[in-house]
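Counting starts at 1 for both ligands and their atoms, following the listed order. Basis for what follows: all heavy atoms, side chains included, without hydrogens, waters or symmetry-related copies. One is the number of the first residue; the rest follow in order along the sequence.
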Amino acid sequence: MIVPSLFTVAALLAAKAAAHGAVTSYVIDGVAYPGYEGFSPASGPETIERQWSDYNPVLSVSDPKMRCNGGTSAPLSAPVKAGGKVRALWSQWTHAQGPVMVWLFKCAGDFASCDGSGAGWFKIDEMGMTAPPLTGTSWGTAVVMDQLYWESTIPAAIADGNYLIRHELLALHQANTPQFYPECAQIVISGGGGQSPDASFLTAIPSYASASDPGVNVRTPI
Ligand code: CU
C-alpha cells in the first residue's frame with residue numbers, strides 16, 4: 001500500500017488548483033479588454049470583469065458563487081452593439097466534457113447597484129454535446145479547450161442598457177461531481193431593438209438548475 005506523503009498531497013493540491021480555469025480577458029466588438037488573471041488581481045489593470053477569487057470550480061448549484069464566481073463589482077464596462085460580438089478568453093482550460101453557456105442579465109440601473117439577483121438571467125448562447133460522433137470530447141468545453149475562447153453574438157433585437165454577461169463552463173469529467181466555472185463582465189449594449197425575453201426564458205442564478213437535473217448529474221466516458 002502506498003501512502004502519499006504530505007509533500008505529495010500538497011503538490012497534488014497545488015497542481016489541481018492550477019489545472020482548472022477562468023475567463024481572463026475579453027475581446028468585444030474587436031477591442032481587447034483585460035480581465036482578472038487570478039490570485040493577484042490587486043496588481044493588475046482595472047477591468048470590466050467582476051473579480052473572481054481563484055480557478056477552482058463551484059461544486060454546488062446553490063452556492064452564491066454560481067452567479068459570478070464570487071465577483072460582485074468591477075470598475076469598468078465595455079460598449080457593444082446589439083448584433084456585435086463578445087469573445088471571452090481563458091488563459092488555460094483543461095476539461096473536454098461538458099457544455100458552454102452564455103447568459104445576460106439586464107441591470108435596472110448602474111453597475112454598482114446591479115448584483116444579478118432575481119429572475120433576470122437569460123441564456124443567449126450554448127454548446128452542449130456536439131455528437132455525432134459520440135465521443136468524450138464532443139462537447140462545447142472541448143472547443144474552449146482547443147481554442148481557449150468562446151465568441152457569442154449579442155442578440156440584435158435586445159433592449160439597450162447595462163448588462164452583466166456571464167460565461168459558464170460546466171465540467172462533467174468526474175462522475176457525480178459536476179464542476180461549474182462562471183465569470184461575469186459588465187457590458188453596455190446600444191443600437192438594439194428594444195426587446196426583452198419573455199418571462200418564461202428568465203431565471204435566477206443560483207438555482208437555475210437542480211443538482212439532480214439530467215443535464216447536471218450526467219456521467220460521461222472520457
Ligand atoms: Cu478542473
*Do you know which N/O/S atom name in His95 is closest to the Cu ion (ligand 1)?*
NE2

_Can you tell me which N/O/S atom of His20 has the shortest distance to the Cu ion (ligand 1)?_
ND1

*How many angstroms lie between CD in Gln186 and OG in Ser73, if you round to the nearest 0.5 Å?*
7.5 Å

*asked:* Are Ile154 and Leu89 connected into the same hydrophobic cluster when the rule is that any two of I, L, V, M, F, W, Y join if their side-chain heavy atoms are below 4.5 Å apart?
replied: no

*Is there an N/O/S atom in His173 that lies less than 2.8 Å from the Cu ion (ligand 1)?*
no

_Derivation and outcome, side-chain contact (heavy atoms from CB on, under 4.5 Å), residues Arg67 and Trp121_ = CA-CA 10 Å; Arg67 191 176 295 158; Trp121 291 95; 3.8 Å; yes

*Does the ring center of Trp93 lie less than 6.0 Å from the ring center of Tyr181?*
yes

